[in-house]
Asker: 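A single structure is presented below for examination.
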Amino acid sequence: AQTVTQSQPEMSVQEAETVTLSCTYDTSESDYYLFWYKQPPSRQMILVIRQEAYKQQNATENRFSVNFQKAAKSFSLKISDSQLGDAAMYFCAYISRGGSEKLVFGKGTKLTVNP
Amino acid sequence: DVKVTQSSRYLVKRTGEKVFLECVQDMDHENMFWYRQDPGLGLRLIYFSYDVKMKEKGDIPEGYSVSREKKERFSLILESASTNQTSMYLCASRTPGGRANYGYTFGSGTRLTVV
């Protein structure tokens with residue numbers, strides 16, 4: 001079964017600094033997607049960034065970028081110029097395109113942004 | 001954008017009650033999902049549905065059932081609520097494969113307390 005591991009239950013960063021959240025996954029599939037979701041205190045799960053396994057280029061969305069290392073099965077999220085509004089739970093998630101295509105989540109990393 | 005609406009933000013129910021959690025999506029998606037979120041455990045899949053009247057068990061289906069009579073509505077049912085079902089429940093809808101915006105959209109969650 002596919003698994004997603006986030007080894008950092010909590011992280012903190014100073015406002016305007018850069019922070020990297022780690023994620024590793026285990027799969028034998030070749031066609032899959034990886035996601036980072038943000039869940040602020042409002043509880044709404046918001047998609048931050050999406051990476052397709054076949055694409056070698058790392059995805060970027062404004063201040064958010066990923067380091068996708070397919071051979072190492074690693075998918076870290078870098079947040080640049082951190083803002084107070086970035087404080088939230090961050091979940092790494094995996095979905096295989098074959099079969100039922102269920103989204104599998106890591107246990108999350110709580111990010112605190114200090115002013 | 002896809003909108004996923006969960007009818008209740010907070011619910012308090014008594015042990016033994018039959019509880020219905022409702023979820024509606026507005027994009028004619030075939031695939032819908034119910035997750036349970038607990039601190040330190042991340043999100044765990046309870047049930048999912050890939051079409052009207054079609055359902056499959058997820059990782060933790062015990063004590064739950066689901067109903068999908070119409071494509072836009074996916075209901076989670078707690079047949080006899082117990083205190084260990086106190087949790088946050090998240091509904092999601094999945095964009096079909098092959099689209100540039102492939103992925104899940106989540107509702108804002110229902111926090112259920114069973115007393």
Asker: Which bit of Leu43(B) is near chain A, if near means a heavy-atom gap under 4.5 Å: side chain, backbone, both or neither?
Answerer: both
Asker: For Arg36(B) and Tyr64(B), does a side-chain donor sit closer than 3.5 Å to a side-chain acceptor?
Answerer: yes
Asker: Between Leu103(A) and chain B, with a heavy-atom cut-off of 4.5 Å, which part of the residue counts as in contact: side chain, backbone, both or neither?
Answerer: both
Asker: Which residues pass the side-chain contact (heavy atoms from CB on, under 4.5 Å) test with Arg73(B), sequence neighbours left out?
Answerer: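 Scan of Arg73(B) (side-chain contact (heavy atoms from CB on, under 4.5 Å), adjacent residues dropped) gives Glu22(B), Val24(B), Ser75(B).
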Asker: Output the residues of residues 78-88 of chain B for which the shortest heavy-atom distance to chain A is under 4.5 Å, in residue-number order; output 'none' if no such residue exists.
Answerer: Met88(B)
Asker: Tell me, side chain or backbone of Gln39(A) under 4.5 Å from chain B's heavy atoms, or both, or neither?
Answerer: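 The side chain, not the backbone.
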Asker: Do the rings of Tyr50(B) and Phe48(B) sit parallel, tilted or perpendicular, given the 30° and 60° boundaries?
Answerer: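 Ring orientation of Tyr50(B) relative to Phe48(B): tilted.
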Asker: Please find out if less than 6.0 Å separates the ring center of Tyr32(A) from that of Tyr94(A).
Answerer: yes
Asker: Taking the six-membered ring where the residue is Trp, are the ring centres of Phe74(B) and Tyr47(B) under 6.0 Å apart?
Answerer: no
Asker: Show me the side-chain donor-acceptor pairs of residues 82-93 of chain A shorter than 3.5 Å, one per line, residues at least two apart or across chains.
Answerer:
from, atom 1, to, atom 2, distance (Å)
Ser82(A), OG, Glu17(A), O, 2.8
Asp86(A), OD1, Arg63(A), NH2, 2.9
Asp86(A), OD2, Arg63(A), NH1, 2.8
Asp86(A), OD2, Arg63(A), NH2, 3.3
Asp86(A), OD2, Gln83(A), N, 2.8
Tyr90(A), OH, Asp86(A), O, 2.6

Asker: List the residues meeting side-chain hydrogen bond (donor to acceptor under 3.5 Å, both in side chains) with Glu29(A), not counting sequence neighbours, and say none if there are none.
Answerer: none
Asker: Which residue out of Lys107(A), Lys110(A), Arg43(A) racks up the most heavy-atom pairs below 4.5 Å with chain B?
Answerer: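 Most heavy-atom pairs within the cutoff with chain B belong to Arg43(A).
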